[in-house]
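Everything on this sheet refers to the single structure shown next.
Positions are given from 1 along the sequence.
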Amino acid sequence: MNDLQSLYLFTYSGLHRQALQDRNKWFDPLPERQPNYVIWWSDMLSNVSWKEAFKRYDSYIQHGPDSFAFDFKHPFDEFGEPVALK
């Protein structure tokens, strides 16, 4: 995906939407009110791994959203600037 809007549309449509709706069947509830996903920009597919995702998720939980790790409620553009999804 090259932009946040496309990623958002993919995430909340089709089979992926169904998987999100069923996630409580596979995962225990999170303590407190924490996000259950994290987003980051990457030019390299090799930078998209479970290990990298856990590292970025941990950063999000420890420091809040920033250009290193964010969610759709607090998005950042590819230049590290906060943006609003349209």
[X] and [Y]: which non-hydrogen atoms are nearest, and at how many Å?
X     : Y     : result
Ser67 : Gly80 : CB-CA, 3.6 Å
Arg56 : Ala69 : O-CB, 3.2 Å
Val38 : Ala53 : CG1-O, 3.8 Å

Less than 4.5 Å apart, any side-chain heavy atom of Tyr60 and any of His74?
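The answer is yes; the side chains approach within 4.5 Å.
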For residues 65-77, which residue pairs qualify under salt bridge (Lys or Arg N to Asp or Glu O under 4.0 Å), counting only residues two or more places apart or in two chains?
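Every pair satisfying salt bridge (Lys or Arg N to Asp or Glu O under 4.0 Å) with a residue in residues 65-77: there are none.
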Can you establish whether the number of heavy atoms outside Asp43 located under 6.0 Å from its atom CG is more than 12?
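No, CG of Asp43 has 12 or fewer neighbouring heavy atoms, counting only those of other groups under 6.0 Å.
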Which label fits Tyr8 and Tyr12: parallel for a plane angle under 30°, tilted from 30 to 60°, or perpendicular past 60°?
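Rings of Tyr8 and Tyr12: tilted, as their planes differ by 30° to 60°.
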Look up atom CZ in Phe10 and atom CZ in Arg17, then write down how far apart they are to the nearest 0.5 Å.
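Reported to 0.5 Å precision, the distance equals 13.5 Å.
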Side-chain heavy atoms under 4.5 angstrom apart, residues restricted to Ile, Leu, Val, Met, Phe, Trp, Tyr: same cluster for [X] and [Y]?
X     : Y     : answer
Leu7  : Phe70 : yes
Trp41 : Leu85 : yes
Leu9  : Phe72 : no
Phe68 : Tyr37 : no

